[in-house]
Amino acid sequence: GGIYRNVWLKTVPMIHLASDGMYISTKKVDDFWNIQAKCEIINECLPKVPDTAQKAWFNMEENNNYTIRHTVYDSCGKAIKSTEGSTDTQILSVLSPCLWELANPNLYLLKTELLLNGQVLDEVTNRFGFRSIRFDADSGFYLNERHVKLHGVCHHHDLGALGAAVNRTALKRQLMLLREMGVNAI
């Protein structure tokens with residue numbers, strides 16, 4: 001029992017981006033990769049549904065003073081694409097991004113901002129990668145159209161004698177040992 005992970009107290013405005021409410025998907029279309037970014041927005045001003053913990057979702061279409069801005073940053077922190085609109089789902093297109101690979105997991109950052117009359121009310125950032133995956137019943141798993149044989153393990157969250165509290169150095173060491181053993185799936 002008890003708290004054995006980091007804890008953050010986050011203050012948000014009454015209308016804000018939902019915690020864990022960002023959904024990012026990527027899809028290759030010709031030479032471009034489309035990023036579909038969908039966000040959930042909560043309106044704490046509205047009454048909750050009685051006898052439930054249900055949140056009141058915010059409707060962007062009914063509130064034209066609010067907009068969502070998405071900005072994609074590369075691994076060096078350079079903004080490579082941005083869009084702003086009045087819908088909770090937007091598409092951004094990126095030309096020939098670096099793909100996420102097992103040996104070189106290229107990650108990008110998506111910063112999502114909720115704006116009211118051009119002023120930022122709330123923002124969240126999420127890391128994501130560009131990659132395609134597919135399974136074939138006869139030949140197995142493909143990452144970016146290259147066959148990859150999966151070598152997996154069942155891995156528990158604790159660190160043995162160190163317990164369940166997260167020690168980043170010990171966790172990194174554990175993952176590096178698994179990688180040296182040839183593990184590529186957990």
Cluster question for you: counting only ILVMFWY and a side-chain heavy-atom cut-off of under 4.5 Å, with indirect links fine, are [X] and [Y] together?
| X | Y | value |
| --- | --- | --- |
| Ile186 | Met181 | yes |
| Leu115 | Leu121 | no |
| Phe32 | Ile35 | no |

Ring pair (Phe, Tyr, Trp, His ring centres under 6.0 Å): which pairs involve [range], sequence neighbours left out?
| range | value |
| --- | --- |
| residues 158-186 | none |
| residues 160-179 | none |
| residues 125-145 | Trp33-Phe130, Tyr108-Phe130, Phe128-Phe130, Phe135-Phe141, Tyr142-His147 |

**Value rounded to 0.5 Å, distance of CG in Asn184 from CG in Leu150** =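 So the CG of Asn184 and the CG of Leu150 are separated by 5.5 Å.
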**Item:** Short side-chain to backbone donor-acceptor contact, Thr67 and Asn117, under 3.5 Å
**Value:**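 No, because the side chain of Thr67 does not come within donor-acceptor range (under 3.5 Å) of the backbone of Asn117.
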**Item:** With sequence neighbours excluded, residues passing side-chain hydrogen bond (donor to acceptor under 3.5 Å, both in side chains) with Glu101
**Value:**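 If we apply the side-chain hydrogen bond (donor to acceptor under 3.5 Å, both in side chains) test to Glu101, skipping adjacent residues, the hits are Asn144, Arg146.
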**Pairs meeting criterion salt bridge (charged side-chain N to carboxylate O under 4.0 Å, His left out) with involvement of residues 129-143, two or more places apart** =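 Applying salt bridge (charged side-chain N to carboxylate O under 4.0 Å, His left out) to every pair that reaches into residues 129-143, excluding sequence neighbours, yields Arg134-Glu145.
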**Message:** With salt bridge (charged side-chain N to carboxylate O under 4.0 Å, His left out) as the rule and sequence neighbours excluded, what pairs involving residues 78-99 come up?
**Reply:**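 Passing the test, one end in residues 78-99: Lys38-Asp88, Arg69-Glu84.
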Please tabulate, one pair per line, all N/O donor-acceptor pairs under 3.5 Å involving side-chain atoms of residues 167-178, not counting sequence neighbours.
unit_1, atom_1, unit_2, atom_2, d
Asn167, OD1, Thr169, N, 3.1
Asn167, OD1, Ala170, N, 3.0
Gln174, OE1, His155, NE2, 3.0

Please tabulate, one pair per line, all N/O donor-acceptor pairs under 3.5 Å involving side-chain atoms of residues 91-100, not counting sequence neighbours.
unit_1, atom_1, unit_2, atom_2, d
Ser93, OG, Asn34, OD1, 2.6

**Request:** Among residues two or more places apart or on two chains, list those pairs meeting side-chain hydrogen bond (donor to acceptor under 3.5 Å, both in side chains) that have a residue in residues 7-29.
**Result:**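 Every pair satisfying side-chain hydrogen bond (donor to acceptor under 3.5 Å, both in side chains) with a residue in residues 7-29: His16-Glu44, Tyr23-Glu40.
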**Message:** With side-chain hydrogen bond (donor to acceptor under 3.5 Å, both in side chains) as the rule and sequence neighbours excluded, what pairs involving residues 118-130 come up?
**Reply:**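 For residues 118-130: none.
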**Message:** If the condition is side chain to side chain contact (heavy atoms under 4.5 Å, CB included), which residues does Arg179 pass it with, not counting sequence neighbours?
**Reply:** none
**Request:** Could you tell me which residues satisfy side chain to side chain contact (heavy atoms under 4.5 Å, CB included) with Ala79, sequence neighbours excluded, listed by chain and number?
**Result:**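 Ala79: side chain to side chain contact (heavy atoms under 4.5 Å, CB included) contacts with Thr71, Tyr73.
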**Asked** Closest approach of Ile68 and Cys39, non-hydrogen atoms and distance?
**Response** CD1-SG, 3.8 Å
**Prompt:** Closest approach of Met14 and Cys45, non-hydrogen atoms and distance?
**Reply:**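 So the two residues come closest at CB-SG, 3.6 Å.
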**Request:** Take Leu109 and Val72 through the side chain to side chain contact (heavy atoms under 4.5 Å, CB included) test and state the conclusion after the steps.
**Result:** CA-CA 6 Å; Leu109 185 79; Val72 177; over 6 Å; no
**Request:** Flag the pair Ile15 / Leu116 as yes when at least one side-chain heavy-atom distance between them is below 4.5 Å, and no otherwise.
**Result:** no
